[in-house]
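All values reported here derive from a predicted model rather than from experimental measurement. Indexing begins at 1, ligand by ligand and atom by atom, following the structure's order.
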Amino acid sequence: MDIMEAIKLRDPGEREFHQAVYEVLESVKPVLDRHPEYRRMKILERITEPERVIMFRVPWFDDQGEIHVNRGFRIQMNSAIGPYKGGLRFHPSVNLSILKFLAFEQTFKNALTTLPMGGGKGGSDFDPKGKSDNEVMRFCQSFMTELFRHIGPDTDVPAGDIGVGAREIGYLFGMYRRLSNQFSGVLTGKGLGWGGSLIRPEATGYGCVYFASEMLATQNQSIKGKTCLVSGAGNVAQHTVEKLIEMGARVVTLSDSSGYIYDEEGMDKDKLNFVKKLKNIRRGRIREYAENYPRSIYTPADPASGFNPLWNHKADCAFPSATQNEINGRDAQNLLVNGVKLIAEGSNMPSTPEAIAAFLSSGIQYAPGKASNAGGVAVSGLEMAQNSMRLRWPREEVDQRLRTIMKSIHKACLDAAEEYGKPGNYMVGANIAGFVKVVNAMLDQGLV
Ligand code: NDP
Ligand code: 2IT
């Protein structure tokens, strides 16, 4: 039976996981043809099956004394090249399918970073929105009370993702330290005063813009003066905007799940600082941007419309930085009609297969998340390295290493694409380069 069919039969309903696996399997077909040993050693069957899946109950009290029960997960996907590594997502939509797709993608992304990290992902269907700090703390403590026995600085090193930022990492770390009686580098994204790395909060967004600059450089172009669409308003979106502004681009959009803002004038440092305070401290909605800057326009989300108007503005570049499948086939057509020539994915799997097909057939530059958003986990890897050495590198050094890593990922994608006859196809290149590295490690280490 075809491997894809077998995966669908085994876990029907895991739509996002099937989507992520299908993309990689299609890309690596020529590699399998060149390396018959991969099929003989049942590499596809092994690499699509998590090494371990942990699912657990997370009970907690809200401020009124009411009891709630959420579900916690950790997918330990692949540890052939290093300890499991990947973020934790707290969002009501979290389920096994979403976390398996993220852990699968993470495995190849981490391989691309050049650092020794395996792939994992975890999280909960807990919704931090509208919860008090104390409620979030109690939830994190309950979550870690179970998770702590499955992780460790040389076993599995979680970090942030949607709904998990500096506050949550703090509460999680505190509980891990208490339970294990050890101060270790078990989580990344830690505070600067207790083992965190400079540039880690900025890394995903900055890295994505560095990657886009490399892409543009292949066409003798630069970010300067480009009009850019950015979605999301969280960690990745904020630091993407920060670097874009610094490099002289004009950023005109941001969003959250309630709607998006369009600011014709473009954002500057002051406007970005407003967004940071709004989102990271007051935890408010992006609508307030338009209330504060009346020349910008707020449009509420309308999921029933079948398209996202954020992607329907004249622009040169797009940086989706919210969530999976946020650009569908119709959005992709809108982007193309509006003149967008470069897509660099900050979020994981933001483009549906239809959208990717439209980008690739139009010949614009398209970078998949596992390459362009790898800067976040790369600096997590640098945080682990600094923790192991018990020292801290200065900001410039981490930033320089991040740039070097993004450059090397960019080159690895182009080289692999070229080698397999798909020049300029970053998606195929990223999938092949990540896959080959993980597979070779698996083959070296025997049937485990
Ligand atoms: P944050 O929680 O900081 O921000 C997420 C943003 O996306 C918010 O504006 C949120 O809006 C919006 N969003 C989330 N879910 C949905 C949804 N279902 N529909 C519409 N909007 C949504 O997360 P991050 O910025 O860290 O993550 C954004 C993306 O980047 C994710 O895909 C993540 O996997 C990926 N990523 C993150 C990395 C990191 O280091 N943090 C590294 C690499 C990739 P609202 O507040 O309304 O929910
Ligand atoms: O998707 C991702 O790469 C992340 N959420 C960051 C993972 C990490 O371990 O830093």
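Residue Ala159 approaches ligand 2 through these ligand atoms, each under 4.0 Å from one of its heavy atoms: 8 (C), 9 (O), 10 (O).
Taken from CG in Leu272 to CD in Glu246, the straight-line distance is 11.0 Å, to the nearest 0.5 Å. The CG atom of Asn348 lies 11.5 Å from the CD1 atom of Ile98; values are rounded to the nearest 0.5 Å.
Between Gly160 and ligand 2, a contact under 3.5 Å exists for at least one N or O pair.
Summary of contacts: the protein heavy atom closest to atom 9 (O) of ligand 2 is Lys85 NZ, 2.6 Å. Looking only at heavy atoms of the protein, atom 10 (O) of ligand 2 is closest to Ser380 OG, 2.5 Å. Protein heavy atom in closest approach to atom 4 (C) of ligand 2: Lys121 NZ, 3.7 Å. Protein heavy atom at the shortest distance from atom 2 (C) of ligand 2 is Lys109 NZ, 3.3 Å. Atom 7 (C) of ligand 2 has its closest protein heavy atom at Gly87 N, 3.5 Å.
In this structure, Lys131 forms a cation-pi arrangement with Phe126, its terminal cationic atom sitting closer than 6.0 Å to the ring centre and no more than 45° off the ring axis. Lys271 forms a cation-pi arrangement with Tyr293, by the criterion of a distance under 6.0 Å to the ring centre and an angle within 45° of the ring axis.
Between Phe143 and Phe90, the ring centre distance stays below 6.0 Å.
Contact shell of ligand 1 (protein heavy atoms, cutoff 4.0 Å): Arg89, His91, Lys109, Lys129, Asp161, Ile162, Gly163, Arg200, Thr204, Gly232, Ala233, Gly234, Asn235, Val236, Ser255, Asp256, Ser257, Arg285, Ser321, Ala322, Thr323, Gly346, Ser347, Asn348, Asn373.
Every side chain to side chain contact (heavy atoms under 4.5 Å, CB included) that Glu105 has, sequence neighbours left out, goes to Ala20, Phe101, Lys370. Here Tyr426 pairs with Phe211, His410 under the ring-ring contact (aromatic ring centres under 6.0 Å, His included) rule; sequence neighbours left out.
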*asked:* Under the criterion side-chain contact (heavy atoms from CB on, under 4.5 Å), I'd like the reasoning laid out for Arg250 against Lys226: C-alpha separation, chi angles, the key distance, then a yes or no.
replied: CA-CA 6 Å; Arg250 175 169 156 263; Lys226 296 275 188 292; over 6 Å; no
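Ligand 2 has at least one atom lying under 4.0 Å from a heavy atom of Arg200.
With hydrogens and angles disregarded, no donor-acceptor distance shorter than 3.5 Å links the side chain of Gln445 to the backbone of Met442.
Listed by first then second residue, pairs satisfying ring-ring contact (aromatic ring centres under 6.0 Å, His included) with a partner in residues 254-273 read Tyr260-His313, Tyr262-His313, not counting sequence neighbours.
Residue-level proximity to ligand 2 for Thr204 is absent, since no heavy atom of it falls below 4.0 angstrom.
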